[in-house]
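Heads up: the structure comes next, in structure tokens.
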Amino acid sequence: MARITALSGRVVFDSRGDKTIEVEAAVEGAVGRAAAPAGKSRGKREVEPYPPGGPEEAVKILKERVAPKLIGQEYPGFTKLDQMLMEIDGTPNFSSIGGNTALAVSVALLSAYSAHRGEPLYSLIAQETKQEPGLPLPLGNVLGGGKHAGEGAPEIQEYLALPLNPRTVSEAVEANIRVHRTLGKILSKKVSGFPLGKGDEGGYAPPISVEAALDAVVEAAQSVGDAMGVKIGVGLDVAAGSIYDESSKRYVLKSQGLYLDREGFLSYIAELADKASLVYLEDPFIEDDPEAFAALRKQVPKTLVCGDDLVVTRRELIEDCLRRGAINAAIIKPNQVGSLYLTWLAVDACLRGGAVPAASHRSGETTDAYLSHIAVGMGCRLIKSGVLGGERIAKANELLRIGEKIGGSRVRRIS
Ligand code: 2PG
Ligand code: MG
């Protein structure tokens, strides 16, 4: 027997100081806990994170509508549990109980079950997904702009380092930390008066142009890669929805003096990818324009063109984009769909379609590390979880702990 014996919620704060829901659950008295993260640059088709009254109302709904239905039941695994949560919610987008409520309940219960069984979370996930546990490559945000930083930082949201052939997960994590550190030194020299301020995800947020930022990151990655004997690629999350001006239908990069229509921006991004040998490009265009993604892919066949707001962790959107040739990678953010089960369907669509699934944090995070277990247990090739900051390093350190169990050299590859 593995009965659900307790389920309750509280409001806590995330890394940006915003309120979020934390759920505490017990299975036969063994306790598990999980909190939900929050995005700032959100896709239009993400589920509702909360009911209209926010996290406080979510806690109330959990107590009144969710807990009474689940307490006393046998824990059925996340696939069935999440289907029960969808039924309790009764809407197509979790607008009744909130996707963050559902996700936190699901992960807290899985954690409680994991404590009850004495088996790690990733292993229980892998049993349900039938994946061989393996470690994802860490895609590390070393410089941040856009909505994740203040005025004056470059408009493109994330500048990412990606160790491509690390010998161990520890070496991969260390490589990203060293790129971050080296970048700090480069920026101190290049940007006079910059006191090394950081954005929401712990990457530096200097007052420089997009291309100056990218040059500095490429220099840092190159120098650390040479020193460590590891190939370190560079990527961008353009988060194009944040730089798109709806009224003029232009992509606007003020720091570069650019005000480009769709075709102009396509050429610009392709040139940038070529110049910086970008290995990864996330959301290079707005989410309503998968054709632009497909056109770009033809021009940069060696680059991972990744959909985030474009596909919002939904199987059907990923499948549609794969059919159109729009992406060869997808961001996997569990709270975009509010469910581990739907998250797995999205990862599965990537794996079956030959695309790279990239588990991802949100800009507002908690110190929970379940994202790392999801990445390992669901077969994600990449994990985007930041480099430094307590809530970011928590995920990296968890990968090292998992590495001790499954072998630190079992790092997945993207090609
Ligand atoms: C993104 C994310 C996380 P947010 O766009 O990929 O890095 O940002 O959580 O704000 O959506
Ligand atoms: Mg993104």
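Atoms within a ligand are numbered from 1 in the order they appear, just like the ligands themselves.
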At their closest point, which heavy atom of Phe94 faces which heavy atom of Met86, and how far apart are they?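 Heavy atoms of Phe94 and Met86 come nearest at CZ-CG, 3.7 Å.
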So which atom in Ile414 and which in Leu304 form the shortest heavy-atom distance, rounded to 0.1 Å?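 Scanning both residues completely, I find the closest heavy atoms to be CD1-CD1, 3.9 Å.
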What I want to know is whether [X] and ligand 1 share at least one N or O pair that is separated by under 3.5 angstrom.
{"X": "Gln157", "value": "yes"}
{"X": "Glu282", "value": "yes"}
{"X": "Ser41", "value": "yes"}

Which protein heavy atom lies closest to [atom], and at what distance to 0.1 Å?
{"atom": "atom 4 (P) of ligand 1", "value": "Ser363 OG, 3.5 Å"}
{"atom": "atom 2 (C) of ligand 1", "value": "Lys333 NZ, 3.2 Å"}
{"atom": "atom 3 (C) of ligand 1", "value": "Glu201 OE2, 3.1 Å"}

Taking NZ, NE, NH1 and NH2 as the nitrogens, is one of them in [X] or [Y] under 4.0 Å from a carboxylate oxygen of the other?
{"X": "Arg352", "Y": "Glu319", "answer": "yes"}
{"X": "Arg392", "Y": "Glu365", "answer": "no"}
{"X": "Lys190", "Y": "Asp215", "answer": "no"}
{"X": "Asp289", "Y": "Arg262", "answer": "yes"}

How many angstroms lie between atom OG1 of Thr101 and atom CG of Asn335, to the nearest 0.5 angstrom?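 That separation rounds to 11.0 Å.
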Counting only N and O atoms by type, is there a donor-acceptor contact under 3.5 Å from the side chain of Arg250 to the main-chain atoms of Tyr259?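 Yes, Arg250 side chain to Tyr259 backbone: donor-acceptor pair under 3.5 Å.
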Pairs involving residues 152-170, ordered by first then second residue, that meet salt bridge (Lys or Arg N to Asp or Glu O under 4.0 Å) (sequence neighbours left out):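 Checked against salt bridge (Lys or Arg N to Asp or Glu O under 4.0 Å) - neighbours excluded - the pairs reaching residues 152-170 are Glu158-Lys384, Arg167-Glu171.
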Nearby protein N/O/S atoms (those under 2.8 Å) for the Mg ion (ligand 2), with water ignored: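 Listed by chain and number: Asp237 OD2, Glu282 OE2, Asp308 OD2.
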